[in-house]
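A short worksheet on the structure shown next.
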Amino acid sequence: MKVFKFGGASVKDAASVKNLAQILKHYADKNTVVIVSAMGKMTNAFEGLIDNYLNNSSDLEASIMAIQQYHHTIASDLFSDLNHPIFKAIQTHFDALTSILNTNDSTDFDFVYDQIIGFGELLSTTIVSAYLNDFGVENKWLDVRDFIKTDSNYRRATVDWEVTTRLIEPLQSVSSMVVTQGFLGSHTKHTTTLGREGSDYSAAIFAYGLHAESVTIWKDVPGVLNADPRHFLEAQLLEQLSYREAIELAFYGASVIHPKTLQPLQQKGIPLFVKSFLNPEAKGTKVQAENGNTPQIPCYIVKKNQLLIGLTSLDFSYIVEENISDIFNILHLFKMKVDLIQNSAISFSVCVEDGFHNIEQVVKHFQIKYKVTLVKNVSLYTVRHYNAEAIALIEKNKDILLKQRTQDTVQIVTI
Ligand code: ADP
Ligand code: ASP
Ligand code: MG
C-alpha cells in the first residue's frame, strides 16, 4: 500500500482540487490511503473563530460566515449542480459545529480548540472525496478519529501506537482508495490534534500501521531543498537524504517535513518521497535508510519569532545541575519548545519557541530565582554542513546574540 498526503496549499481552491484529482488518477490506485489537510489557510481561520468564541467577541458570526463562504465557493466551483448532495454534507458539518458552540461548557482552551479546529479537515476531505468520486477516482471517506487514538493531551496529543496500529492494519484489505483527514485523532469520544502542521505525521502513522511501501507528501516546492526558498534565493534540491539527515533538518525547523514524521518511517524502513504537486513528473526528494549521501552543500534553516531568555543567578551562585533541571521543568510545564541552550558559571541562555503564548508566566517563575532578560523576535539560524562562506552569509549585517558550533552544525541567534 501507498500513503499520499496533501497539505493545505494543494487544496486551497477548486483548481487545486482538480489538480489533486489528476495526480491521483495518474499516480494512485485502490491501494492508496490519501491524507488531506484543511483547505488553504483554514486552520488559521478556525483559530480566529475559536478566539472569537472563547472571548465572546461580536466577530464570531462573521468568522463563521467567512469560513462557510470559502468552502461554499470551492464547492460551487467544483459541483455545478446546486442540488448535489455535497452541499447538504457541508451544511451537516456546520450544523455540528454550531451545536458544539452552543452546548460546550468547557473553558479549557486546549480542549475546546481541538473540538472546533478539526472541522477544517472534515470539510476539506468531504469536498475532496466527493469530487474524486464524481471525477471517476473511486474512494471511500473515513473518519480518521476511528483509527488514530491518542491520550488526552489536547493540541499536542500523543499517539497510542498499540491501539492505533490494531485499528489501521485491517485497512490493508479495503477494496478502494481511502480519503481521510490529517492532523486529527481522538481520545474516547473527543477530537484531539497532533500539533500544528501535523498531517505529515498522520501519513507516517498510517504508513506504519499499513506496513506501506512508501509515503509521498505532495508540496508546493520541488522537494526538500537546502534552504526554505521563501528566505533564501537559489535554494537547491536535495535528491536523496538519509532518515538521519532528514530528522536533523526537520528537528532544527526545516518546516517542509513535520519533525515527528520520520521516526515511524525509519522504524519500518518505509521510504518518504517529497514531491511537487505543481510538477508531479519531477523526481523530488527520496528519504530512505543510510546510503552514504550526506548533502555536499550547506543546508540553511531559519526560525523567526523566537525568544531568547537569559538567566543570571541573583546571589552569584553557580547554575548547576539542580537549577538546570528546575529551569527545564518550568519550560516543559509551559510547553516551550527549546531550540538552543548555552550556559556559563552563573548564567544560562535559552532560545525558545512559545507556541502556546506562555512567556509572561515563564518569566514570572524565573524571576523568583534569577535576574531575567528577554529578547523577543529573534531569529535562529541553523546551518548543517557549514563552511566559512555559509556563516559569513548568515552573519552579514546582523547583530549576533549567541552562537554555538558542533562538528556538523552551527547555530546563530540574531536580531
Ligand atoms: P503543506 O502544504 O504540506 O502544509 P508546508 O507549507 O507545511 O506544506 O511546507 C511546504 C513549505 O515548506 C514550502 O512552501 C517552503 O516554503 C517551506 N520549506 C521550509 N524549509 C524548506 C526546505 N528545506 N525545502 C523545501 N521547502 C521548505
Ligand atoms: N491543517 C493543520 C495545520 O494547518 C494540519 C496540517 O495542515 O498539517 O496545522
Ligand atoms: Mg502545512
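Whatever order the structure lists them in is the order used to number ligands and atoms, beginning at 1. Residues: numbered from 1 along the sequence shown.
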Answer with yes or no whether the side chains of [Y] and [X] bring together a donor and an acceptor at under 3.5 Å.
X	Y	value
T126	H93	yes
H211	K268	yes
E245	H385	yes
T193	R155	no

Subject >> S202 vs S199, side chain to side chain donor-acceptor pair (under 3.5 Å): CA-CA, chis, key distance, verdict >> reply: CA-CA 5 Å; S202 308; S199 296; 4.9 Å; no

Any idea which atoms of ligand 1 are less than 4.0 Å away from a heavy-atom of [X]?
X	answer
G223	24 (N), 25 (C)
S255	7 (O), 9 (O), 12 (O), 17 (C), 18 (N), 19 (C), 20 (N)
R230	16 (O), 17 (C)
G8	2 (O)

Is [X] salt-bridged to [Y], going by a charged N under 4.0 Å from an acidic O?
X	Y	answer
R244	E248	yes
K219	D200	yes
K303	D339	yes

**OP:** Could you pull out, from V221, V11, D228, the option with a heavy atom nearest to atom 17 (C) of ligand 1?
**Re:** D228

**OP:** Using heavy-atom distances, let me know which of H258, K219, K5 sits nearest atom 9 (O) of ligand 1.
**Re:** K219

**OP:** Show your reasoning for whether side chain to side chain donor-acceptor pair (under 3.5 Å) applies to T158 and N153.
**Re:** CA-CA 7 Å; T158 300; N153 190 10; 4.9 Å; no

Just the distances, no angles: every ligand 2 N or O to protein N or O pair closer than 3.5 Å, one line each.
unit_1   : atom_1 : unit_2 : atom_2 : d
ligand 2 : 1 (N)  : T43    : OG1    : 2.7
ligand 2 : 1 (N)  : E121   : OE2    : 2.7
ligand 2 : 4 (O)  : T43    : OG1    : 3.3
ligand 2 : 4 (O)  : R196   : NH2    : 3.0
ligand 2 : 7 (O)  : S37    : OG     : 3.1
ligand 2 : 8 (O)  : E197   : O      : 3.4
ligand 2 : 8 (O)  : G198   : N      : 3.3
ligand 2 : 8 (O)  : S199   : N      : 3.0
ligand 2 : 8 (O)  : S199   : OG     : 3.1
ligand 2 : 9 (O)  : R196   : NE     : 2.5
ligand 2 : 9 (O)  : R196   : NH2    : 3.4
ligand 2 : 9 (O)  : E197   : N      : 2.7

Subject >> Geometric cation-pi criterion K260 and F251, 6.0 Å radius, 45° cone >> reply: no

Subject >> Nearest protein heavy atom under 4.0 Å from atom 7 (O) of ligand 1, yes or no >> reply: yes

Subject >> Atoms named by residue and atom, protein N, O or S, within reach of the Mg ion (ligand 3) (under 2.8 Å) >> reply: E197 OE1

Specify the protein heavy atom at minimum distance from [atom]: its residue, its atom name, and the distance to 0.1 Å.
atom	answer
atom 4 (O) of ligand 1	E197 OE1, 3.5 Å
atom 2 (O) of ligand 1	G7 CA, 3.4 Å
atom 10 (C) of ligand 1	D220 OD1, 3.7 Å
atom 23 (N) of ligand 1	L225 O, 3.0 Å

Original post:
For ligand 1, is there an atom lying under 4.0 Å from some heavy atom of A9?
Top reply: yes

Original post:
Is S37 in contact with ligand 1, taking contact as a heavy-atom separation below 4.0 Å?
Top reply: no

Subject >> Over all atoms of both residues, closest heavy-atom pair of Q306 and C351 >> reply: CB-SG, 3.9 Å

Original post:
Nearest heavy-atom pair of V383 and A390: which atoms, and what distance?
Top reply: CG1-CB, 4.0 Å

Original post:
Any idea which part of A227 is under 4.0 Å from ligand 1, heavy-atom wise: side chain, backbone, both or neither?
Top reply: backbone

Original post:
Using heavy atoms and a threshold below 4.0 Å, how should the contact between V256 and ligand 1 be classified: side chain, backbone, both, or neither?
Top reply: both

Original post:
If you measure every N/O of N226 against every N/O of ligand 1, is any gap under 3.5 Å?
Top reply: no

Report all side-chain donor-acceptor pairs from residues 269-280 shorter than 3.5 Å, counting only partners two or more places apart or in another chain.
unit_1 : atom_1 : unit_2 : atom_2 : d
K275   : NZ     : P280   : O      : 3.1
K275   : NZ     : A282   : O      : 3.0
S276   : OG     : L278   : N      : 3.0
S276   : OG     : N279   : N      : 3.0

**OP:** Enumerate the residue pairs fulfilling salt bridge (Lys or Arg N to Asp or Glu O under 4.0 Å) with a member in residues 172-196, sequence neighbours excluded, ordered by first and then second residue.
**Re:** E47-R196

Original post:
Which is it for I391 and N387 under the side chain to side chain contact (heavy atoms under 4.5 Å, CB included) test, yes or no, and what are the steps along the way?
Top reply: CA-CA 6 Å; I391 295 178; N387 54 29; over 6 Å; no

Subject >> Validation row: K140, M177 side chains within 4.5 angstrom (heavy atoms) >> reply: no

Subject >> salt bridge (charged side-chain N to carboxylate O under 4.0 Å, His left out) evaluation trace for K335 with D110 >> reply: CA-CA 12 Å; K335 300 182 179 175; D110 295 346; 3.1 Å; yes

